[in-house]
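Ligands are counted one by one from 1 in listed order, and the atoms in each one are counted from 1 as well.
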Amino acid sequence: MRFDVITIFPGFFPGVFQHGIVRRAQAAGLVTIEAHDLRAFTHDKHRSVDDRPFGGGEGMILKPEPLAEALASLGIGPKASLPTLAQTARKDAATESERPGRPSVILLSAQGRPFTHALARELACLERVVLLCGRYEGVDERINQLFCDMELSIGDYVLSGGELAAAVVIDAVMRLVPGVLGNEASAEFESFGAPDAEIDAGIGAENGAGSECVPRSQHGAGGLLDYPHYTRPAEFAGLRVPEVLLNGDHQQIRRWRREQQIRKTLLNRPDLLEHAALSVEDRELLRNIRAWNEVRVR
Ligand code: SAM
């Protein structure tokens, strides 16, 4: 998979991507990340990339011409047609680039749709993604209208530039590219991951029909948060690892982990429970945890 990043700070990226999985993925040729200097596409002696906003107001705006030239240098022209309002409202498919083979162009923006694990999975299926990093008050809106398939926000806060957001998106997406993680299955057993049935169907199909893939002591997250993890020593600062993890009973461990996933999700991200894949047993666990919490509050 290839990522092209258009930025006024290309020097930001090499350091970020010289470590761990992303470095190995690049070395193995699974992922290519190229940062392009927006100022290289200016033609005045000050190499200006920004200008004052029409209508007045604070701050500066990234001008459209250098961005359009930078995209052209990557072989990317305007989208085939301007989106209708209905299409703009339905910007839900990462693959909606209108020309086949045209890379998906993403504008990093606090006004964008939220970046989620589900979206990272969609993006990981693409061959090439171009990320536009805003600065100052943002990017001239016509760049969004003409070239971008999606505006993407990494959270409900305002960063000073799109570079950190681009790095977050690249990191989260590239680790889902097949072959990047040493153990293919490890991305499946993390927060926001797929439910057991999907994991079995997906990896099971790869390993041969009918093979069981979910380890005996684990659960696919099914849209929930991960469970807590522990390693040696068994006792640290007076706190012992939960006994259940030491007894070797996989069924008990599995059940405890599921309960912890539900507990943590209820505590930190109750919104996720709405769309999570919960079994009858999970729902009973959830009811019990809620009832227990109510008793504690009283
Ligand atoms: N005026 C903009 C607003 O209120 O939405 C904020 C501009 S911000 C200071 C400069 C740039 O940082 C944006 O153009 C965008 O590229 C990036 N940025 C800021 N917050 C972001 C977020 N939550 N997610 C993704 N990119 C963000």
Side-chain angles (χ1 to χ4, degrees), residues 3-17 22 33-42 47-71 73-74 76 79 88-89 91-94 96 103-124 126 128-176 191-192 268-269 271-272:
F3 297 92
D4 289 285
V5 187
I6 299 178
T7 167
I8 61 168
F9 295 124
F12 172 91
F13 290 94
V16 174
F17 294 129
V22 66
I33 304 164
E34 198 87 45
H36 307 272
D37 186 358
L38 186 60
R39 290 193 196 279
F41 303 94
T42 57
R47 306 178 82 207
S48 319
V49 289
D50 56 326
D51 208 335
R52 292 188 305 275
F54 277 122
E58 295 301 311
M60 301 293 273
I61 313 296
L62 283 184
K63 288 154 61 73
E65 303 96 319
L67 282 161
E69 269 194 46
L71 286 164
S73 78
L74 300 175
I76 299 168
K79 290 183 290 186
T88 311
K91 287 214 164 190
D92 55 356
E96 73 178 335
S104 282
V105 181
I106 296 178
L107 175 62
L108 282 320
S109 164
Q111 301 142 42
R113 63 180 279 203
F115 182 54
T116 61
H117 191 68
L119 185 50
R121 276 169 177 259
E122 281 184 45
L123 294 177
L126 302 179
R128 191 173 175 201
V129 169
V130 178
L131 297 156
L132 303 187
C133 302
R135 277 272 154 183
Y136 317 120
E137 281 311 311
V139 171
D140 186 293
E141 186 63 20
R142 290 165 292 186
I143 290 296
N144 185 22
Q145 284 178 283
L146 287 167
F147 296 95
C148 298
D149 298 296
M150 185 189 300
E151 279 179 278
L152 213 52
S153 164
I154 63 158
D156 290 347
Y157 39 76
V158 177
L159 301 164
S160 48
E163 289 75 11
L164 274 172
V168 167
V169 170
I170 292 172
D171 189 282
V173 172
M174 68 85 203
R175 65 197 299 286
L176 300 176
S191 296
F192 319 110
N268 291 336
R269 292 292 307 278
D271 56 301
L272 293 177

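Residues forming a side chain to side chain donor-acceptor pair (under 3.5 Å) with R269 (at least two apart in sequence, or on another chain): D271. Scanning for side-chain contact (heavy atoms from CB on, under 4.5 Å) contacts around E69 gives F41, H43, with sequence neighbours left out. For the side chain to side chain donor-acceptor pair (under 3.5 Å) test, residues two or more places apart in sequence or in another chain that qualify with R142 are D140.
Taking all atoms of both residues into account, the shortest heavy-atom contact from S48 to P66 is O-CG, 4.3 Å.
Considering only heavy atoms from C-beta on, F115 comes within 4.5 Å of V173 through its side chain. Counting heavy atoms from C-beta outward, V129 and V169 have side chains that stay 4.5 Å or more apart.
Sorted by chain and number, the heavy-atom contacts of ligand 1 below 4.0 Å come from L108, S109, A110, Q111, G134, R135, Y136, E137, G138, L152, S153, I154, G155, Y157, V158, L159, S160, G161, G162, A165.
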